[in-house]
Amino acid sequence: MSLKTEYENQQQYRKWSLIVNKLPIKSDYVVAELGCGTGAFAEILSKKVKEVIAIDLNQNLLEILENKKIDNITILQKDISDLSYIPKEIDGIFSSFAIAYFPNKMEQILKNWFDKLKNDGWIAIIEIDDLLRGHTPLSKETLNKLAVFEDEAKNDGIYDFRAGRKISPILKNLGMEILLDEDLEDSELTSSGIISDEICIMWENRLNRLSFDKFFQKDEIEAIKSYFLSLLKSTKHINQTKVKFIIAKKS
């Protein structure tokens, strides 16, 4: 399954219409979506504001949004870590499941985003927390290997599996007022108990994408994947993963 198809399939589990209604938006706002992927949220947001600047580095994903030819969406294939290419201050920034890919630069990147906002502008972020180790019960051996993997992935600048808990403190340190800090329900990412076959396939694809091969031998990787996927089909499966949703205002 291609990454584009996988991302498209995931959209059915995101409650974008509910999320957009929680944003402090007005009809004359210019809002940037950073890491927009295939553009499902940008399309919904475009019906609520004057202009959406949809930004992602993956042109293959952006093609889906480009083909929709929505008049008030400006599409940019750019790195979202530095927004200096946006010539004006903007009213708001929305980003979902993107900041975790900058584990060693998170504070500086959020500062860059903050600097692009107008006074009273806002940042809204959705991010995962405890994507792997949030699933229990895990054997001690599997838990230890996942801990090693997560620590090494963070140290190598690949991904922070516990990014969600770090966002509010960083935004507060920037002097922003936290308007909302809540945990979202997400049937793909936060459900406990026996997981559907469709979601299990998504998890298998996700595990196959992770860079386990940088840290473990092939047999170890297969054991981790097998154990994790079997847990998702167990009645004892408890999921403590959180999908954090934070909105903060620049004052």
Side-chain angles (χ1 to χ4, degrees), residues 1-22 35 37-38 40-41 44 61 96-101 125-154 158-167 181-213 215-246:
M1 183 183 296
S2 70
L3 185 63
K4 182 192 291 189
T5 301
E6 191 174 341
Y7 276 26
E8 278 287 90
N9 289 344
Q10 289 173 355
Q11 300 313 308
Q12 63 185 299
Y13 301 106
R14 309 287 98 86
K15 299 179 180 179
W16 294 136
S17 294
L18 294 176
I19 289 165
V20 75
N21 288 333
K22 294 188 177 187
T38 58
F41 185 77
I44 293 172
L61 298 179
S96 63
F97 306 112
I99 195 67
Y101 287 96
I125 295 176
I126 296 174
E127 193 51 83
I128 203 76
D129 195 276
D130 246 355
L131 178 64
L132 298 178
R133 284 185 284 170
H135 296 263
T136 61
L138 291 167
S139 68
K140 185 176 180 180
E141 181 181 5
T142 302
L143 188 63
N144 288 341
K145 286 182 177 178
L146 288 176
V148 169
F149 171 68
E150 290 183 9
D151 289 344
E152 292 297 331
K154 181 179 181 299
I158 297 170
Y159 193 80
D160 188 342
F161 289 86
R162 293 182 166 180
R165 68 188 65 183
K166 301 171 184 177
I167 295 165
D181 187 339
E182 67 178 26
D183 300 336
L184 298 175
E185 291 185 9
D186 187 301
S187 55
E188 180 197 357
L189 298 172
T190 66
S191 293
S192 295
I194 298 175
I195 303 303
S196 71
D197 290 342
E198 184 177 32
I199 293 177
C200 278
I201 291 171
M202 291 181 175
W203 264 105
E204 186 173 6
N205 291 333
R206 180 178 290 117
L207 292 173
N208 288 338
R209 289 202 314 272
L210 295 179
S211 53
F212 286 119
D213 57 337
F215 313 110
F216 301 115
Q217 298 298 317
K218 184 176 180 179
D219 59 336
E220 293 178 298
I221 296 170
E222 292 306 314
I224 292 170
K225 291 178 183 178
S226 177
Y227 190 96
F228 194 93
L229 292 172
S230 66
L231 176 61
L232 299 184
K233 282 297 185 180
S234 170
T235 57
K236 297 180 180 180
H237 170 228
I238 298 173
N239 190 355
Q240 297 173 318
T241 300
K242 297 185 186 307
V243 175
K244 304 294 295 183
F245 183 25
I246 297 103

| Could you give the distance from OG1 (T241) to CD (E188), rounded to the nearest 0.5 Å? | 11.0 Å

| Exercise: identify the closest heavy-atom pair between F216 and I221 | O-CD1, 3.6 Å

| field | Check: K242 main-chain N/O paired with T190 side-chain donor or acceptor under 3.5 Å | value | no

| query | If you look at every heavy atom in E127 and A163, which pair is closest and at what distance? | reply | CG-CB, 3.8 Å

| task | Look up atom NZ in K140 and atom OG1 in T142, then write down how far apart they are to the nearest 0.5 Å. | result | 12.5 Å

| remark: Heavy-atom closest pair (S230 atom, Y227 atom, distance to 0.1 Å) is OG-O, 2.7 Å

| said: Closer than 3.5 angstrom, by distance alone: can the side chain of S226 be matched with the main-chain N or O of A223 as a donor-acceptor pair? | reply: no

| query | Under 4.0 Å between a Lys/Arg side-chain N and an Asp/Glu carboxylate O for D129 and R162? | reply | no

| request: Inspect the contact between D181 and R165 and indicate whether a charged nitrogen and a carboxylate oxygen are less than 4.0 angstrom apart. | output: no

| What pair of heavy atoms forms the shortest contact from K233 to I195, and how long is it? | NZ-O, 2.8 Å

| field | Spacing of K236 atom NZ and T136 atom OG1 [to the nearest 0.5 Å] | value | 12.0 Å

| query | Closest approach of F215 and A153, non-hydrogen atoms and distance? | reply | CZ-N, 4.1 Å

| query | Would Q11 and W16 satisfy side-chain contact (heavy atoms from CB on, under 4.5 Å), going step by step from the backbone distance to the final call? | reply | CA-CA 8 Å; Q11 300 313 308; W16 294 136; 2.8 Å; yes

| request: Taking all heavy atoms of I158 and all of S211, pick out the closest pair and write down the distance. | output: CD1-OG, 3.7 Å

| note | To the nearest 0.5 Å, atom OG of S139 lies from atom NZ of K145 at 8.5 Å

| query | How are the rings of F228 and H135 set to each other: parallel, tilted or perpendicular (split at 30° and 60°)? | reply | perpendicular

| said: With a 3.5 Å distance limit and no angle check, can you tell me whether E222 reaches the backbone of K218 through a side-chain donor-acceptor pair? | reply: no

| field | Distance (rounded to the nearest 0.5 Å) between E182 CD and I246 CD1 | value | 9.5 Å

| task | Take atom CD of E141 as the centre, draw a 6.0 Å sphere, and report whether it contains more than 12 heavy atoms from other residues, nucleotides or ligands. | result | no

| query | Does E185 CD have over 12 foreign heavy atoms under 6.0 Å away? | reply | no

| Reported CZ-to-NZ distance for the pair F245 and K15, which is rounded to 0.5 angstrom | 13.0 Å

